[in-house]
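Just so you know, these numbers come straight off a predicted model, no measurement behind them.
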Amino acid sequence: MLAEEVQESGELVVEDLLDTVFSDSSKAQELYGKQLDAKGISGDSFEISPQMEKQIKKKYKIKTNNGIEIIIPIDLLDQSDLIEYIQDDNGKISVIIRDIGGIID
């Protein structure tokens, strides 16, 4: 998992990031790779600050272009029975959250 890689080396390998997060969509990998390039993140890997490393270990935050934010505990990311990511042919991504007992404000 990515969090373990960061903990061991203090850096994140771009290829591993793309393979883990977008394992079922080469188109999403390509689009995200372009976003990394646009933000000036280049090369095979990049260092993670100690503060960011602490955040990576605890939660995964998704923020959409229309302002929706979802924070997912890191231990739930691999549970496809609870969270599913589906990418449409047009590149848009849907996030499905299952088995919610209630919403707390």
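- The neighbour count for N66 CG, taken as heavy atoms of other residues, nucleotides or ligands under 6.0 Å away, is above 12.
- Rounded to the nearest 0.5 angstrom, I72 CD1 and I97 CD1 are separated by 6.0 Å.
- Under a 3.5 Å cut-off, the side chain of K27 and the backbone N or O of D89 do form a donor-acceptor pair.
- A distance of 5.5 Å separates CD1 of I83 from CG of L76, quoted to the nearest 0.5 Å.
- At a threshold of 4.5 Å between side-chain heavy atoms, the hydrophobic network of Ile, Leu, Val, Met, Phe, Trp and Tyr places I70 and I100 in one connected group.
- Residues V95 and L31 do not share a hydrophobic cluster, defined by chaining ILVMFWY side chains whose heavy atoms lie under 4.5 Å apart.
- The local environment of OH in Y85 is crowded, with over 12 non-hydrogen atoms from other residues, nucleotides or ligands closer than 6.0 Å.
- Separating the CD1 atom in I68 from the CD1 atom in I62 is a distance of 10.5 Å, to the nearest 0.5 Å.
- When atom types are taken as modelled, the side chain of D88 and the backbone of N90 share no donor-acceptor pair closer than 3.5 angstrom.
- Tracing side-chain contacts under 4.5 Å through hydrophobic residues (I, L, V, M, F, W, Y), one never reaches I86 starting from Y32; they form parts of separate clusters.
- Rounding to the nearest 0.5 Å gives a distance of 8.5 Å between OG of S26 and CD of Q87.
- Here NZ of K92 is found 8.0 Å from CG of N65. Values are rounded to the nearest 0.5 Å.
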